[in-house]
Number of protein chains: 2
Amino acid sequence: MPDVSEKDSMHSSMPTMKDVAQRAGVSVKTVSNVVNDYEFVSGTTRQKVNQAIEELGYVVNVPARNLRLGHTGMIALAIPDLTLPYFAQLSSLVIKEAKKLGLRVLVEPTLYSRQGELEALHGSQHSMIDGLIYSPLELGMGDVEQLNVSYPIVLLGERIFTRDVDHVATENVEGAKRATSYLIESGCRKIAVIGTHPGEELGSAALRLTGYKQALEEAGLPFDSRLTVPSRMWHRVDGESAMNELLDSGLVPDGVVAFNDMLAAGALHAIQMRGLKVPDDISVIGFDNSEDSQYLSPSLTSISPGLHDVAHLSVQVLKNRIDGVRPLGVESGEHVFCKIASTLEIRNSTRPLTQQK
Amino acid sequence: MPDVSEKDSMHSSMPTMKDVAQRAGVSVKTVSNVVNDYEFVSGTTRQKVNQAIEELGYVVNVPARNLRLGHTGMIALAIPDLTLPYFAQLSSLVIKEAKKLGLRVLVEPTLYSRQGELEALHGSQHSMIDGLIYSPLELGMGDVEQLNVSYPIVLLGERIFTRDVDHVATENVEGAKRATSYLIESGCRKIAVIGTHPGEELGSAALRLTGYKQALEEAGLPFDSRLTVPSRMWHRVDGESAMNELLDSGLVPDGVVAFNDMLAAGALHAIQMRGLKVPDDISVIGFDNSEDSQYLSPSLTSISPGLHDVAHLSVQVLKNRIDGVRPLGVESGEHVFCKIASTLEIRNSTRPLTQQK
DNA sequence: CTGTTAGCGCATTCAG
DNA sequence: CTGAATGCGCTAACAG
């Protein structure tokens, strides 16, 4: 005799452990044991239960388990904008790394708004997530206290520095310095910078500018503020207009350090629209080593921020904190601070070193 | 006398409604009423409760509420790859639309794997989400039955067609036809296509090829299979090698329809590397109208798929299903099928119509 | 308007 | 190795 047909009408009437137990002729506890891969279950019992599960199409009710366990297996990732390749890349890597550790990721774009970033921190989702990977763009040192939340958090970026939370940073100063020095070595003497944020003391823009200045100073080259072009946003259109501004001013540089690849792409475009050659007339270096950089014409030399390591370490540390274990290499009571090494990816938007004058 | 200091050591010991109730001198139900903005609560009571909430730093325990309510307020979005601009854009829009309706989004990249796509459908997260927006790439018509799940789902894309689930599609045939016709009108006679998937009957590639053929036929132009270049992946590098293949074959086209903007960007690069001019020697049209398309050199004419509408409608329909209400314009028992209109964004990679021979 | 009570589905003591 | 009973925090009847 066939079984009673399932009523699929509402998805609320899913079978429960009790149903499975009943059908398998065992207790709820046993079903739970099987579901959670408890070691000591007899083979026959396990089989019976698994069959019942199969037949009923049972799946564990995650919210119920969450309630019982006090955690959700979900972490949040707060980033400014998912459509920026840098953050799309980061998100993708974080999701991948999290999955390896059995964690799910709630991506939360804060959309360049201070309020959005604050909400990601204090929003009504605390109890919904076990931890947060937090990449603020609008917050500053004045907001350090805001980071004092009741759940684990790993800070990304270079807007805020504090000893009180785990922090995975990237080599901004070093990267910009490396880029600038490389241009100098390849023969550039008048190097412009695109994407500065005047007035800011912290954040990638400020740090990258510092690296640029350091390289100049080391090489004994003068710093000319007219060669630094501010740009709040770092989209391609901004790079284009910044470069045009520069070219219009009559101050034609022989090298450009753009603070990300999209700015660089815009600059490339602007330069070539004027009939100038890259890298013969002007060399260009970008930041982020985005996937696109190799498909620009010419392909773009760029600083690679080691995003894979950022994602891996962030998730790892957060997972450790959630589990209450101390991350590797951290003293008790201390917090992780790690700067992921950045590397220079040399392509065709810069002159080779052998070609210097 | 000051209050007992909170022990922040573990974030597991959060205050509960009971604590709030006790402190405010009311019952749990009343606290619940206040928290959920129940209408009939006296002003003074509400105030007392709110104060207690403030003092204790209470936040509702979402998993507990979820368990009670039987839903989570979360939907999943399954896409092939978050680093593809098209899907990053889509995800961003879906998250935004979902937020408007009080829904959270779990983004799940299926990474071009059939298994990944199946897991998104049947994985152990059923009970964790209220619904799914599903954009499969690997599944085909043989998998229609797989879509028969116990929770609401909105299907995206053109891999599977069935009357049994809500489906938001895009104008693939129409878009490709429009692109091809435009090239013909602008004077092209030997139009190549990049990115076909030979052997596939369904999916964007097949549909776009159909549109291409229709346009050719309408114009009385012959179809030459040597002008259709297959490419499984649609990254820039694929567009570049496809275009090179074409150029190497000696069959130089005067127009190219690339099946997405990245393929088009690669093609642009390859063409220009040979010293050929776009659009003078070869016109190029892309698909997706990605943000990048306007910053290529030359800026790329592209078919815009109306992603904003796709996101809006998908979320809206899913929300309706979750709430058990019938989406607008659908008969009882029927399902939504909607094709979002696509439009041609004309830029500089194609010759203007006035410039035809 | 507010208090009391009973589960939501699960993991987990504690006995067998 | 397995069964019965308890409660995670919350909401929804149902009384008052």
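Within every chain, numbering begins at 1; the chains are lettered A, B, ... in the order of the sequence lines, protein sequences first and strands thereafter. What you see is a predicted model, and the numbers here were worked out from it, not measured in a lab. The basis for the numbers below is simple: all heavy atoms, side chains too, and nothing from hydrogens, waters or symmetry mates.
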Whole angstrom is fine here: how far is it from [atom1] in [X] over to [atom2] in [N]?
| X | N | atom1 | atom2 | result |
| --- | --- | --- | --- | --- |
| D37(A) | dA11(C) | CG | P | 12 Å |
| N33(B) | dG3(C) | CG | P | 10 Å |
| Q22(A) | dA4(D) | CD | P | 12 Å |
| D19(A) | dG9(C) | CG | P | 9 Å |
| L67(A) | dG9(C) | CG | P | 12 Å |

Notebook entry, point to check: Is there any ring-ring contact (aromatic ring centres under 6.0 Å, His included) pair reaching into residues 26-45 of chain B, and which pairs are they, with sequence neighbours excluded?
Noted result: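 Non-adjacent pairs meeting ring-ring contact (aromatic ring centres under 6.0 Å, His included): Y38(B)-F40(B).
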Check: Are side-chain N/O atoms of Y151(A) and D130(A) paired as donor and acceptor at under 3.5 Å?
Finding: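 No pair is found: no donor N or O on one side chain lies under 3.5 Å from an acceptor on the other.
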With sequence neighbours excluded, residues passing salt bridge (charged side-chain N to carboxylate O under 4.0 Å, His left out) with [X]:
| X | result |
| --- | --- |
| K96(B) | none |
| D143(A) | R114(A) |
| K48(A) | none |
| D309(A) | none |

Below 3.5 Å, can you tabulate the donor-acceptor pairs from side chains in residues 58-71 of chain B to any protein atom, sequence neighbours excluded?
| residue | atom | partner | partner atom | Å |
| --- | --- | --- | --- | --- |
| N61(B) | OD1 | A64(B) | N | 3.0 |
| R65(B) | NH2 | N36(B) | OD1 | 2.9 |
| N66(B) | ND2 | V62(B) | O | 3.4 |

Notebook entry, point to check: What do you reckon, is NE2 of H335(A) surrounded by more than 12 foreign heavy atoms closer than 6.0 Å?
Noted result: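 Atom NE2 in H335(A) is crowded, with more than 12 foreign heavy atoms closer than 6.0 Å.
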Margin query: Counting runs of three or more consecutive pairs, Watson-Crick or G-U wobble, with each distance below 3.5 Å, where are the stems of DNA chain C?
Written below: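 So the stems come out as C:1-16 with D:1-16.
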Item checked: Non-neighbouring partners of Q316(A) that pass side chain to side chain donor-acceptor pair (under 3.5 Å), sequence neighbours left out ->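 Applying side chain to side chain donor-acceptor pair (under 3.5 Å) to Q316(A) gives none.
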Check: Residues in ring pair (Phe, Tyr, Trp, His ring centres under 6.0 Å) with F337(B), at least two apart?
Finding: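 Per chain and number, F337(B) pairs via ring pair (Phe, Tyr, Trp, His ring centres under 6.0 Å) with H167(B).
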Check: Does S42(B) make a side-chain N or O approach to OP1 or OP2 of dT2(C) shorter than 4.0 Å?
Finding: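 For S42(B), the contact criterion (side-chain N or O under 4.0 Å from OP1 or OP2 of dT2(C)) is met.
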Item checked: Per-nucleotide protein contact string for nucleotides 10-16 of chain D (B base, S sugar-phosphate only, - none; heavy atom under 4.0 Å) -> BBBB---
Next item on the list: Provide the full list of salt bridge (Lys or Arg N to Asp or Glu O under 4.0 Å) pairs with a residue in residues 148-166 of chain B, sequence neighbours left out, each pair given once.
Entry: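 Qualifying pairs: R159(B)-E200(B), D166(B)-R321(B).
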Check: Using a heavy-atom distance cut-off of less than 4.0 Å, which residues of residues 44-53 of chain A contact DNA chain C?
Finding: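 When residues 44-53 of chain A is checked for heavy atoms under 4.0 Å from DNA chain C, there are no hits whatsoever.
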